[in-house]
2 protein chains.
Amino acid sequence: MDHGDADPFQWDTREDCQVRQILDRIADKWSLLVIALLENRRLRFTELRREIDGVSQRMLTVTLRSLERDGLVNRTVHPVVPPRVEYELTSLGRTLHATIQSLVTWTEAHQEEIAQARTAYDTRAAEAAEATTP
Amino acid sequence: MDHGDADPFQWDTREDCQVRQILDRIADKWSLLVIALLENRRLRFTELRREIDGVSQRMLTVTLRSLERDGLVNRTVHPVVPPRVEYELTSLGRTLHATIQSLVTWTEAHQEEIAQARTAYDTRAAEAAEATTP
DNA sequence: CTGTATCCATTAGGATACTG
DNA sequence: CAGTATCCTAATGGATACAG
C-alpha cells in the first residue's frame with residue numbers, strides 16, 4: 001500500500017489554494033526568524049533588528065506587518081516619547097512556533113549531511129564537465 | 001521562567017549561518033511542494049509538473065536540481081527513448097518530510113483563523129484611513 | 001525610537017525556442 | 001520526454017532621506 005491510486009494524503013496544489021498562499025507567507029526568509037526569536041519573549045523593534053543580522057529596517061517592518069495581519073504577532077504601542085513598540089507572539093503564533101522550531105532543529109541536525117551532499121554533487125558535476133572537455 | 005536572560009534555546013541568526021542558508025533553500029515556494037508530493041512515491045518530471053499548478057518547466061528543473069544537490073531527492077535516468085526520469089526522496093529527504101508535513105497540517109488547520117485575522121486587520125486599517133480623511 | 005516614502009539594483013522567475 | 005538556453009519582465013529588497 002505504498003501508493004494507492006487515490007492517495008489519501010494528497011493535498012491541494014492549485015495556485016489559488018489558501019494553504020499555498022499562507023505557506024508562501026510564513027516560509028519566507030524573515031518571518032521564520034522573527035517567529036523563532038519571539039518565543040515567550042516580547043521584543044522591541046530595535047531589539048529584533050539587532051538580533052536578525054542583515055535585515056533592513058524596511059523588510060523588518062514589512063515582515064512584522066504581515067505577521068500582525070495574519071494574527072501571528074501582536075503589536076503594542078506605548079504612548080511615550082520616544083516611542084516604544086513591542087512585539088510578541090499571539091496564541092496562534094505560539095502554536096506555529098513548535099512547527100517552525102522543528103524545522104530549525106532538523107536543519108541544525110542535518111547541516112553536515114547536506115554540506116557533504118553538496119560537495120559530492122559538485123565534485124561529480126566537475127568531473128562530468130572535465131570528461132566533456134578533454 | 002518564561003524568559004531567562006541567557007535564553008537557552010537561542011540560535012545563531014547571523015547571515016552567514018549554515019542553518020539560515022539551508023532554511024532559505026528548503027522553505028521556498030516550490031521545494032516544499034515537491035517534497036510534500038514525493039512522499040513514498042516516485043514521480044516523473046511531467047507528473048510533478050502536472051501536479052504542481054503554476055510551476056514553469058524552468059523552475060521545476062531548478063528546484064529539483066537544488067534538492068538533488070542537497071541530497072534530499074534522488075534522480076534516476078532510464079536510458080530509454082523517449083527519456084524517462086524519475087524523482088524520489090532520499091532517506092535524508094524522508095526525514096524532512098515529517099516536518100514539512102506538520103507545517104502543511106498546521107496551515108490547513110488554521111487557515112480559517114488566519115483569513116479572519118486578515119479581514120479584521122484590513123477592516124481596522126480601512127476605518128483608520130477613514131478617520132484621517134473626514 | 002519607530003517608522004514611511006522614494007529610488008534603485010539585484011534577483012526570481014515566466015515565455016519561448018531549441019536539443020538529445 | 002526531459003530538459004537547456006535566452007530573453008525579458010515583475011517582484012524583492014537594500015539604501016537613503018525624512019517624519020511623528
Side-chain angles (χ1 to χ4, degrees), chain A residues 15-16 20-21 23-34 37-38 42-69 73-88 121 125 128-129 131-133, chain B residues 14-16 20-21 23-34 37-38 42-69 73-88 121 124-125 128-129 131-133:
Chain A
E15 225 173 350
D16 59 344
R20 271 187 58 184
Q21 288 170 19
L23 269 183
D24 283 357
R25 293 243 24 60
I26 286 170
D28 89 304
K29 189 166 179 170
W30 306 117
S31 297
L32 283 178
L33 293 171
V34 169
L37 282 174
L38 286 182
R42 146 203 287 261
L43 291 175
R44 302 180 59 172
F45 186 86
T46 314
E47 291 170 337
L48 277 169
R49 202 180 165 188
R50 197 168 31 232
E51 298 255 28
I52 304 177
D53 182 55
V55 72
S56 67
Q57 191 171 42
R58 183 172 122 69
M59 286 317 296
L60 184 53
T61 304
V62 169
T63 302
L64 286 168
R65 286 295 171 281
S66 302
L67 292 175
E68 191 195 355
R69 185 168 107 100
V73 160
N74 251 331
R75 176 168 178 270
T76 313
V77 183
H78 298 85
V80 297
V81 29
R84 176 184 189 88
V85 180
E86 292 182 318
Y87 294 92
E88 63 188 332
Y121 182 94
T132 326
T133 327
Chain B
R14 280 170 308 180
E15 227 174 349
D16 58 345
R20 271 186 57 184
Q21 288 170 19
L23 269 182
D24 284 357
R25 292 242 25 58
I26 287 171
D28 89 305
K29 189 167 179 169
W30 306 117
S31 297
L32 284 177
L33 293 172
V34 169
L37 281 174
L38 287 181
R42 142 205 289 264
L43 291 176
R44 301 180 60 171
F45 187 87
T46 314
E47 291 169 338
L48 277 169
R49 196 171 173 198
R50 197 167 30 231
E51 298 255 27
I52 304 176
D53 183 56
V55 71
S56 67
Q57 192 172 40
R58 184 174 122 73
M59 286 318 295
L60 183 54
T61 303
V62 169
T63 302
L64 286 169
R65 288 293 171 280
S66 302
L67 292 175
E68 191 194 355
R69 185 168 108 99
V73 159
N74 252 330
R75 177 169 178 267
T76 313
V77 183
H78 297 85
V80 297
V81 28
R84 176 184 189 87
V85 180
E86 292 183 318
Y87 294 91
E88 63 188 331
Y121 182 95
R124 265 179 280 130
T132 326
T133 326

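So that the names make sense, note that chain A is the first sequence line, chain B the second, and so on, each numbered from 1.
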- With heavy atoms under 4.0 Å as the rule, sort B:Arg49 into base, sugar-phosphate or nothing. nothing
Report the residues that fulfil salt bridge (charged side-chain N to carboxylate O under 4.0 Å, His left out) with [X], sequence neighbours left out, ordered by chain and then residue number.
| X | answer |
| --- | --- |
| B:Glu86 | B:Arg42, B:Arg84 |
| A:Arg69 | B:Asp122 |
| B:Arg14 | B:Asp12 |

Atom [atom1] of [X] and atom [atom2] of [N]: how far apart are they, to the nearest Å?
| X | N | atom1 | atom2 | result |
| --- | --- | --- | --- | --- |
| A:Asp24 | C:dA12 | CG | P | 15 Å |
| A:Arg44 | C:dG3 | CZ | C1' | 13 Å |
| B:Glu47 | D:dA2 | CD | C1' | 13 Å |
| B:Leu43 | D:dA2 | CG | C1' | 15 Å |

With sequence neighbours excluded, residues passing side-chain contact (heavy atoms from CB on, under 4.5 Å) with [X]:
| X | result |
| --- | --- |
| B:Ser56 | B:Arg58, B:Met59 |
| A:Arg75 | A:Arg65, A:Glu68, A:Val77, A:Val85, A:Tyr87 |
| B:Asn74 | B:Glu88, B:Thr90 |

- Task: For the pair B:Glu47 (side chain) and B:Arg44 (backbone), establish whether a donor and an acceptor sit closer than 3.5 Å, ignoring hydrogens and angles.
- Result: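 Confirmed, B:Glu47 side chain pairs with B:Arg44 backbone.
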- Query: Is there a side-chain polar atom (N or O) of A:Tyr87 under 4.0 Å from OP1 or OP2 of C:dG3?
  - Reply: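 Yes, because at least one side-chain N or O of A:Tyr87 sits under 4.0 Å from OP1 or OP2 of C:dG3.
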- List for me each residue that meets side-chain hydrogen bond (donor to acceptor under 3.5 Å, both in side chains) alongside A:Arg25, sequence neighbours excluded, and say none if there are none.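 With sequence neighbours excluded, A:Arg25 shows a side-chain hydrogen bond (donor to acceptor under 3.5 Å, both in side chains) to A:Ser66, given in chain and number order.
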- Please list, by residue number, the residues of residues 75-85 of chain B whose heavy atoms come closer than 4.0 Å to an atom of DNA chain C; answer none if no residue qualifies. B:Pro83
Identify the pairs formed between an N or O of the protein and an N or O of nucleotides 9-16 of chain D at a distance under 3.5 Å, and give each distance.
unit_1	atom_1	unit_2	atom_2	d
D:dG13	N7	A:Arg58	NH2	2.6
D:dG14	OP2	A:Ser56	OG	2.9
D:dG14	O6	A:Arg58	NE	3.1

